[in-house]
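The structure appears right after this line, and notes come after that.
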Number of protein chains: 2
Amino acid sequence: MHNSIDPDINKPHNGTITKTTSRQIADRLGVSQATVSRVLRNVPGYQYSAKTRGRILEEAERMGYRPNAVASSLREGRTHVIGFHNQHSELDPLNIFMAEVIRSLQQTCLEIHHLLLLHNFAPDVSIPHRLAELTCGRIDALVVHLQENGPLAEGIALSGLPTVAIANRVASLPSVGCDEAAGIRLAMEHLIAHGHERIAFAYSTYPLEAAKARHEAYITEMEHRGWKPVSVPCSNHDTDTTLQALHSQSPQPTAVCCWNDVSALCLLRACNRAGVSVPDDLAIVGFDGVLDNRLLQRNLTTVDVQWARISDTAVELLMRMLRGESVPWVTNVLPKLRIGETT
Amino acid sequence: MHNSIDPDINKPHNGTITKTTSRQIADRLGVSQATVSRVLRNVPGYQYSAKTRGRILEEAERMGYRPNAVASSLREGRTHVIGFHNQHSELDPLNIFMAEVIRSLQQTCLEIHHLLLLHNFAPDVSIPHRLAELTCGRIDALVVHLQENGPLAEGIALSGLPTVAIANRVASLPSVGCDEAAGIRLAMEHLIAHGHERIAFAYSTYPLEAAKARHEAYITEMEHRGWKPVSVPCSNHDTDTTLQALHSQSPQPTAVCCWNDVSALCLLRACNRAGVSVPDDLAIVGFDGVLDNRLLQRNLTTVDVQWARISDTAVELLMRMLRGESVPWVTNVLPKLRIGETT
DNA sequence: TTGAGTTATGCATACGATTGCATAGAGAAT
DNA sequence: ATTCTCTATGCAATCGTATGCATAACTCAA
């Protein structure tokens, strides 16, 4: 790594931050530490003289006192931190969707005065180790995005850590996700209203529950109308093949529902290169609604999953679990169709 | 909010996670808690009999013991958590760049076995309150992305919390960023090699240090060649105006450097709508390199800031500060030109 | 002027792990 | 038998805050 470094200006840093404690304030003022703690937090049921109160407030201000969150957490048994477990594969630059999820979660946490701790693991990190990291008391609750149900989900469920799975349904955990079938229905009704009948589906080659649900909903919708489903694989990394697969059908589909936005954009790109006109030769619908249209050259028609509402709901459920209330095992958020220029 | 909820299946959750402690193991086995702690962590200098060791390991496994990270943090005085302070404005969906920064940081933290805690604040949260949240002991070190130097940066510097600013240079704190001038030079040399002379610059209407540095570098480069700089404002939200401003110049620029990728993409979109052919009528260069080309219809020529290396460097500096070493006040990472189809 | 009721405050423990120091017991050496 | 060295383990303090319970000082009515 070549860094151009200015060697003249260095910052000596002794590594030790001198944090003032409530005891220091108490000693300086000749009162007890309990008094300092109670005055500063205005604990109900305890009255202090205006004089004492004033002296403590002033001294705390003067010494720049900040209660140590780690100590409070230990004492109170809660940290006001929510964890988010995402898999390493989601660091894939194409997974713009994960960025949107993190942003939404962060926004929601902000509103309830909690912090978001990102638990990210390399793919080779074992499940016991992940569980250990998640259940070591650093977080009060957890949001997970898992590909599918499995030993990790089951381990988390067993641990007793209040957890909600988002996006993908996971049998062992309460989950909040998009009503995938409703989304597919919106997309297809939109296409049908525009005269399309030969509608294909570009399905995910990854084993994602949500992707599977979308695909199945598509098949149901087609069969329900007595039309033959046409499914082509779509891997993000090779949408030329997807396009060829569409073209090799006869009769050729006039529209295609893609299992997510990224695949839709990749396919759109393949169409551009291949001289296929969108939407005239082929209409394209995405699913997720995570990319701002201003970043794209053409507004993408897509099913907006509304991640913000999913995040809100997930965090709300967690808060209820922390209060000991029961929560619905499955929560669906209705998606919205966002009509763009690709249909 | 309309959620379709399955009311039949509820999850009663008592909210209390029964965590087993080292004391419980000790009591169950009739050994001291210290012994359990030392055996499980293999503390050097302490030898235990194979029998005791075996019993403890087995019992810990059986009871699913996980050392409480909050308690260790309190005792050890460090949390192994790195904070990231980002401003609320960066929740703007257009700020794809922040997603890339978070991803890079997370990746880097993963490698050194630390966790990343997102400190996000609403715009109206006061600086004292932000400082309080940052210095309450939850994190060992901090990465900040600030718009510019100011009271917050100074407060953080005063607090003694090991901190590195990224992307924007900040006078009060050590910082790691892109060598903006080198990046602009790369972009302009590329354009000039393609025969462009009338090169304009689309500058940011936001008060970002990095954006300012890019703009100044552009002016320097132009003047150095005896050419007159042409600067047009670019706000992301209204690039039509930017395009008009370019057209109203005479002679008209044949190329434009945009202060970042998002503005370049917005401008590209405006060109498409206005029937301006890129790169024939106008060549466009971006800056940041955060969007994967596969998401775009045409590969964008851009200056890749290499966020991953900036994150690596920032975290490495923090680790050195924690060890009490001194670090360079200013670190530059050299950007790379990524040539696409817009030039 | 004594007991009841307030007001204002302190003592001491708990949260769970880490760690410096002490020590009991087993051999070994003198 | 006495001292000495290990080996293997325990005791107790500490990190900083929160909180149940106790209590001193003061007011007030009887």
Side-chain angles (χ1 to χ4, degrees), chain A residues 16-57 59-60 63-81 132 135-140, chain B residues 16-57 59-60 63-81 132 135-140:
Chain A
T16 34
I17 318 170
T18 48
K19 283 280 297 169
T20 70
T21 69
S22 54
R23 157 125 304 123
Q24 283 173 25
I25 295 179
D27 291 348
R28 196 95 60 195
L29 260 44
V31 299
S32 81
Q33 179 265 330
T35 299
V36 173
S37 175
R38 284 195 266 245
V39 162
L40 290 177
R41 286 175 312 120
N42 257 311
V43 177
Y46 283 86
Q47 299 178 10
Y48 287 93
S49 66
K51 189 181 147 197
T52 305
R53 178 179 298 275
R55 286 172 64 216
I56 290 175
L57 290 172
E59 187 68 11
M63 300 181 67
Y65 170 72
R66 294 299 157 203
N68 184 310
V70 172
S72 319
S73 295
L74 177 58
R75 174 65 221 233
E76 291 192 79
R78 51 185 317 210
T79 61
H80 299 277
V81 174
T135 60
C136 66
R138 241 190 274 265
I139 54 178
D140 292 339
Chain B
T16 33
I17 318 171
T18 50
K19 284 281 296 168
T20 70
T21 70
S22 55
R23 156 125 307 121
Q24 284 173 23
I25 296 179
D27 290 349
R28 196 96 58 194
L29 261 45
V31 300
S32 81
Q33 181 265 330
T35 299
V36 174
S37 175
R38 282 195 268 247
V39 162
L40 290 177
R41 285 175 311 122
N42 257 312
V43 177
Y46 284 86
Q47 301 177 9
Y48 288 92
S49 68
K51 188 180 147 200
T52 305
R53 178 179 298 277
R55 286 173 63 219
I56 290 175
L57 289 172
E59 188 67 11
M63 299 181 66
Y65 171 70
R66 296 298 157 204
N68 183 312
V70 172
S72 321
S73 296
L74 178 59
R75 173 62 221 233
E76 291 192 77
R78 50 184 318 213
T79 60
H80 299 277
V81 173
T135 61
C136 66
R138 242 190 274 264
I139 55 178
D140 292 339

**Prompt:** How long is the line joining CG of A:L40 and P of C:dT9, in whole Å?
**Reply:** 14 Å
**Asked** Given atom CD of B:Q47 and atom P of C:dG27, what is their separation to the nearest angstrom?
**Response** 16 Å
**Message:** Please determine whether a side-chain nitrogen or oxygen atom of B:Y65 lies at a distance below 4.0 Å from atom OP1 or OP2 of C:dA17.
**Reply:** yes
**Message:** Need one value for A:S73: base, sugar-phosphate or nothing, where a base atom within 4.0 Å counts as base even if backbone is also close, heavy atoms only.
**Reply:** nothing
**Asked** To the nearest angstrom, how far is A:R23 atom CZ from C:dT13 atom P?
**Response** 13 Å
**Message:** Quick check on C:dT9: is either OP1 or OP2 less than 4.0 Å from any side-chain nitrogen or oxygen of A:S32?
**Reply:** no
**Fill in**
When rounded to whole Å, the CG to C1' distance for the pair A:N42 and D:dT17 reads 17 Å
**Whole-Å distance separating the OH atom of A:Y48 from the C1' atom of C:dT6** = 15 Å
**Request:** Examine D:dT19: is either OP1 or OP2 under 4.0 Å from a nitrogen or oxygen in the side chain of A:R41? Give yes or no.
**Result:** yes
**Request:** Round to a whole Å and report the spacing from OH of A:Y46 to P of C:dT9.
**Result:** 13 Å
**Prompt:** Given atom CD of A:Q33 and atom P of D:dC15, what is their separation to the nearest angstrom?
**Reply:** 12 Å
**Asked** Any side-chain N or O of B:T21 under 4.0 Å from OP1/OP2 of C:dG16?
**Response** no
**Asked** Taking for each residue the nucleotide of DNA chain D with the nearest heavy atom, is it B:A50 or B:A71 whose nucleotide lies nearer the 5' end?
**Response** B:A50
**Asked** Would one find a side-chain N or O of A:R38 under 4.0 angstrom from OP1 or OP2 of C:dG10?
**Response** no
**Message:** Taking any heavy-atom pair under 4.0 Å as a contact, classify A:G30: base, sugar-phosphate, or nothing.
**Reply:** sugar-phosphate
**Request:** Heavy atoms only: give me the nearest B:S49-B:T52 pair and the separation to one decimal.
**Result:** OG-OG1, 2.8 Å
**Request:** Describe the nucleic acid contact of B:V43 in one word from base, sugar-phosphate, nothing, applying a heavy-atom distance below 4.0 Å.
**Result:** nothing
**Asked** Between A:S72 and D:dG16, is there a side-chain N or O to OP1/OP2 distance below 4.0 Å?
**Response** no
**Request:** Can you check whether any acceptor in the base of C:dA17 is under 3.5 Å from a donor in the side chain of B:R75, or vice versa?
**Result:** no
**Request:** Give the C-alpha distance, both sets of side-chain angles, the deciding distance and a yes or no for side-chain contact (heavy atoms from CB on, under 4.5 Å) between A:E59 and A:V36.
**Result:** CA-CA 10 Å; A:E59 187 68 11; A:V36 173; over 6 Å; no
**Separation of atom NZ in A:K19 from atom C1' in D:dT17, rounded to whole Å** = 12 Å
**Asked** Nearest nucleotide by nearest heavy atom, which residue falls closer to the 5' end of DNA chain D, B:T52 or B:L74?
**Response** B:T52
**Fill in**
Heavy atoms of B:L40 and B:L57 approach each other most closely as CD2-CD2, 3.7 Å
**Message:** Is A:S22 close enough to D:dG16 that one of its side-chain N or O atoms is under 4.0 Å from OP1 or OP2 there?
**Reply:** no
**Candidates D:dT19, C:dT18, C:dT9 - which lies nearest the side chain of A:A34** = D:dT19
**Asked** Which atoms form the tightest heavy-atom contact between B:R78 and B:D140, and what is the distance?
**Response** CA-OD1, 3.3 Å
**Message:** Please classify the nucleic acid contact of A:V70 as base, sugar-phosphate, or nothing, using heavy-atom distances under 4.0 Å.
**Reply:** nothing
**Complete:** Scanning both residues in full, the closest heavy-atom pair of B:L29 with B:R55 reads O-NH2, 2.8 Å
**Message:** For a quick check of understanding: with a heavy-atom distance under 4.0 Å over all strands, which category does B:S37 fall into, base, sugar-phosphate or nothing?
**Reply:** base
**Request:** Applying side-chain contact (heavy atoms from CB on, under 4.5 Å), run through B:Y48 and B:I56 and close with a yes or a no.
**Result:** CA-CA 11 Å; B:Y48 288 92; B:I56 290 175; over 6 Å; no
